[in-house]
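Please read the structure below before turning to the comments.
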Amino acid sequence: MEWEKLLSGKRFGMEGPFYTSHDDRSVFLRDYDRLIFSAPFRRLQNKTQVFPLPGSIFVHNRLTHSLEVACVGRSLGNNVARHLSNIHPELKDTLLSEIGNIVSAACLAHDMGNPPFGHSGEKAISAFFTEGKGQYVKDLLKENPAWWTDVINFEGNANAFRLLTHKFKGRRDGGFAMTYSTLATVAKYPYSSIYAEGHHKFGFFESDAMAFQTVADELGMIRLNAPGQPLRYSRHPLVYLVEAADDICYLIMDMEDAHKLKLLSTQETKHFLMEFLTDEGKARAETIFLEVNDANEQIAYLRSKVIGRLIDECTCAFIDAEKDIMQGTFQGGLIDHISEPLSNAYHELYSMSVQRIYHSKYVNDVELAGFRIISTLLDLNVDAVLHPEKEYSKLLMSRVSSQYEISDPSPYVRVMAVLDYISGMTDVFALDLYRHILGNSLPSI
């Protein structure tokens with residue numbers, strides 16, 4: 001792959017000379033601003049990150065998480081751009097200096113396709129079709145095997161690409177009209193759902209495959225299989241920076257939340273974070289703690305130092321592997337290639353988090369509630385779009401926005417419209433709708 005092609009300001013759906021900007025922002029900064037002011041991004045403030053919302057103790061939601069990932073991603077991107085400009089002086093007249101802006105915009109968008117209730121929402125959607133009441137839908141989607149693999153492996157990352165590119169009714173062509181580079185950097189798993197069996201990760205739905213192919217081919221991304229087969233590409237290089245920013249933030253920030261919720265003691269939290277620091281860094285922290293005795297402030301200080309070290313390490317990992325990344329042969333994520341002392345600390349923290357945080361009662365309660373709510377909403381809404389002649393179906397569909405293609409002749413399009421509708425809900429909206437349609441509460445004026 002070539003940086004000159006990979007960094008493109010062309011806008012999806014607005015490839016022609018439709019408008020001229022009259023401000024000093026780069027096209028990628030405008031991507032960032034469009035996302036910040038969009039309704040789907042704002043809805044992230046009421047979508048679960050890990051712990052239940054709301055509560056008397058503030059914990060991260062999808063919006064605060066995405067903003068933090070964007071900050072870390074910008075730092076990673078700027079670091080990488082600086083190093084690349086020294087390694088490749090011939091690229092001085094390209095968009096290399098914009099890498100930080102591209103990565104930060106993609107970081108903002110990386111969770112926009114996630115359904116309510118965190119990852120349990122994704123699991124609930126897949127389970128509805130594989131082991132729940134939605135199994136009958138398979139016969140209706142047999143015309144194209146990818147249609148069925150789309151729904152049984154529902155993936156928030158693929159849904160983010162769809163949200164950013166799909167031509168929903170009532171919206172201008174091209175959806176958000178993001179730049180090609182930002183769109184490609186959002187796609188963490190650049191291949192069709194046909195390849196998702198076994199690990200349930202893919203980058204775009206069958207309905208959006210041609211959109212992805214347009215973006216990937218324009219940027220010169222490497223096609224990994226022959227024409228005529230379901231699409232499979234190597235990653236856009238900047239995806240590794242978005243992934244690293246997400247890996248850094250979710251693990252470290254989830255630990256800080258766990259400390260606030262008293263799932264971890266202050267001493268335990270300090271132990272895990274101190275492991276990332278050098279001897280000099282540890283000594284500096286102990287000196288600061290003599291002056292700053294508030295436990296939360298002490299943890300916040302360590303958190304900032306750990307994130308800084310991981311940013312530096314991931315930057316080095318990217319630069320060291322640039323050749324492999326550009327050839328599409330790099331394996332794993334940048335976090336997998338950081339130096340051993342930090343790598344050991346990261347994996348120790350991850351193992352503890354799986355046991356003590358991600359399987360905690362707080363998280364399990366969210367997953368249990370989310371599973372039931374999402375499954376019920378899917379059951380009723382999928383039945384409604386597939387049997388629109390029923391009186392209850394008409395009533396239920398009357399409250400669905402006209403942007404969703406619930407009346408399309410294709411059952412695949414109608415089922416995807418339901419997934420668009422439900423995945424766009426906030427936790428609270430989904431819960432309220434669940435209560436209303438089951439008759440557990442009545443709406444108030």
Side-chain angles (χ1 to χ4, degrees), residues 40 43-56 59-63 65 111-138 148 150-159 200 254 257 261 263 354 357-387 390 392-393 395-401 404 406 414-444:
R43 285 197 289 268
L44 293 178
Q45 70 182 304
N46 198 235
K47 285 193 175 185
T48 298
Q49 170 63 15
V50 173
F51 298 108
L53 303 171
S56 58
V59 293
H60 288 83
N61 53 41
R62 288 280 172 185
L63 186 140
H65 167 72
D111 270 353
M112 282 175 56
N114 283 50
F117 307 108
H119 291 297
S120 65
E122 290 177 309
K123 295 176 187 175
I125 291 173
S126 296
F128 172 76
F129 294 104
T130 57
E131 56 190 56
K133 295 182 179 180
Q135 295 178 67
Y136 74 94
V137 175
K138 183 176 183 178
W148 181 242
D150 277 355
V151 299
I152 65 173
N153 300 298
F154 182 86
E155 165 62 37
N157 189 254
N159 203 42
H200 307 289
D254 289 350
D257 284 347
L261 292 168
L263 291 176
V354 170
I357 299 176
Y358 303 131
H359 290 165
S360 68
K361 180 180 181 297
Y362 287 103
V363 176
N364 285 339
D365 286 349
V366 171
E367 291 193 350
L368 285 169
F371 220 93
R372 173 58 63 89
I373 292 168
I374 295 293
S375 298
T376 302
L377 295 181
L378 278 172
D379 179 25
L380 297 173
N381 283 278
V382 168
D383 182 73
V385 297
L386 296 179
H387 302 95
K390 296 180 180 179
Y392 185 76
S393 298
L395 193 61
L396 192 59
M397 291 297 96
S398 67
R399 68 185 333 282
V400 178
S401 169
Y404 301 117
I406 57 174
R414 278 178 276 160
V415 170
M416 289 301 297
V418 172
L419 297 185
D420 291 331
Y421 173 51
I422 292 177
S423 65
M425 295 177 181
T426 64
D427 292 15
V428 171
F429 184 92
L431 175 59
D432 285 346
L433 179 60
Y434 171 80
R435 288 170 172 167
H436 292 333
I437 63 180
L438 290 185
N440 293 336
S441 66
L442 293 174
S444 57

Problem set entry | Reported CZ-to-CD1 distance for the pair Arg399 and Ile437, which is rounded to 0.5 angstrom | 8.0 Å

For this session: May I ask you to decide if Phe117's main-chain N or O and Asp427's side chain share a donor-acceptor pair within less than 3.5 Å?
Result: yes

Exercise. Could you state the interatomic distance from CG (Asp111) to CG (Asn159), rounded to the nearest 0.5 Å?
Worked result: 11.5 Å

For this session: Could you tell me which non-hydrogen atom of Asn61 sits nearest to which non-hydrogen atom of Lys47, and how far apart they are?
Result: CB-O, 3.5 Å

Exercise. Are any of the side-chain heavy atoms of Phe128 and Ile374 separated by less than 4.5 Å?
Worked result: no

Exercise. From Ile406 CD1 over to Ser398 OG, what is the distance, rounded to the nearest 0.5 angstrom?
Worked result: 9.0 Å

For this session: Output yes when a side-chain donor or acceptor of Asp254 lies under 3.5 Å from a complementary backbone atom of Ile357, and no otherwise.
Result: no

Exercise. Which salt bridge (charged side-chain N to carboxylate O under 4.0 Å, His left out) pairs, counting each pair once, include a residue from residues 117-138, with sequence neighbours left out?
Worked result: Lys123-Glu367, Lys133-Asp379

Seminar exercise, completed: Between Trp148 and Gln135 the two heavy atoms that sit nearest each other are CH2-O, 4.1 Å

Problem set entry | Any residue meeting side-chain contact (heavy atoms from CB on, under 4.5 Å) with Ser375, in chain and number order, not counting sequence neighbours | Ala124, Phe371

Exercise. Under 4.5 Å between any side-chain heavy atoms of His119 and Asn114, yes or no?
Worked result: yes

Problem set entry | Full working for side-chain contact (heavy atoms from CB on, under 4.5 Å) between Val137 and Val151 | CA-CA 10 Å; Val137 175; Val151 299; 5.6 Å; no

Exercise. Roughly how far, to the nearest 0.5 Å, is CG of Leu63 from OG1 of Thr426?
Worked result: 12.5 Å

Exercise. Which atom pair, heavy atoms only, marks the closest approach of Ala384 to Ser393?
Worked result: CA-OG, 3.3 Å

Exercise. Roughly how far, to the nearest 0.5 Å, is CE of Met112 from CZ of Arg62?
Worked result: 13.0 Å

Exercise. What are the two closest non-hydrogen atoms of Ala430 and Leu377, and how far apart are they?
Worked result: O-CD1, 3.9 Å

Exercise. What residues, two or more places apart in sequence or in another chain, satisfy side-chain contact (heavy atoms from CB on, under 4.5 Å) together with Asn157?
Worked result: Glu155, Lys188, Tyr189

Seminar exercise, completed: When every non-hydrogen atom of Phe129 is compared with those of Leu419, the smallest separation belongs to CE1-CD2, 4.2 Å

Exercise. Which word best sums up how the rings of Tyr136 and His387 line up, parallel for under 30°, tilted for 30 to 60°, or perpendicular for over 60°?
Worked result: tilted

Seminar exercise, completed: Output for pair (Leu431 CG, Asn46 CG), nearest 0.5 Å, gives 10.0 Å

Exercise. Counting only N and O atoms by type, is there a donor-acceptor contact under 3.5 Å from the side chain of Arg414 to the main-chain atoms of Val385?
Worked result: yes

For this session: Mind running salt bridge (charged side-chain N to carboxylate O under 4.0 Å, His left out) on Lys390 and Asp383 for me, showing each step along the way?
Result: CA-CA 9 Å; Lys390 296 180 180 179; Asp383 182 73; 3.3 Å; yes

Exercise. Which pair of non-hydrogen atoms, one from Leu378 and one from Ile125, has the smallest distance, and what is that distance?
Worked result: CD1-CA, 3.7 Å

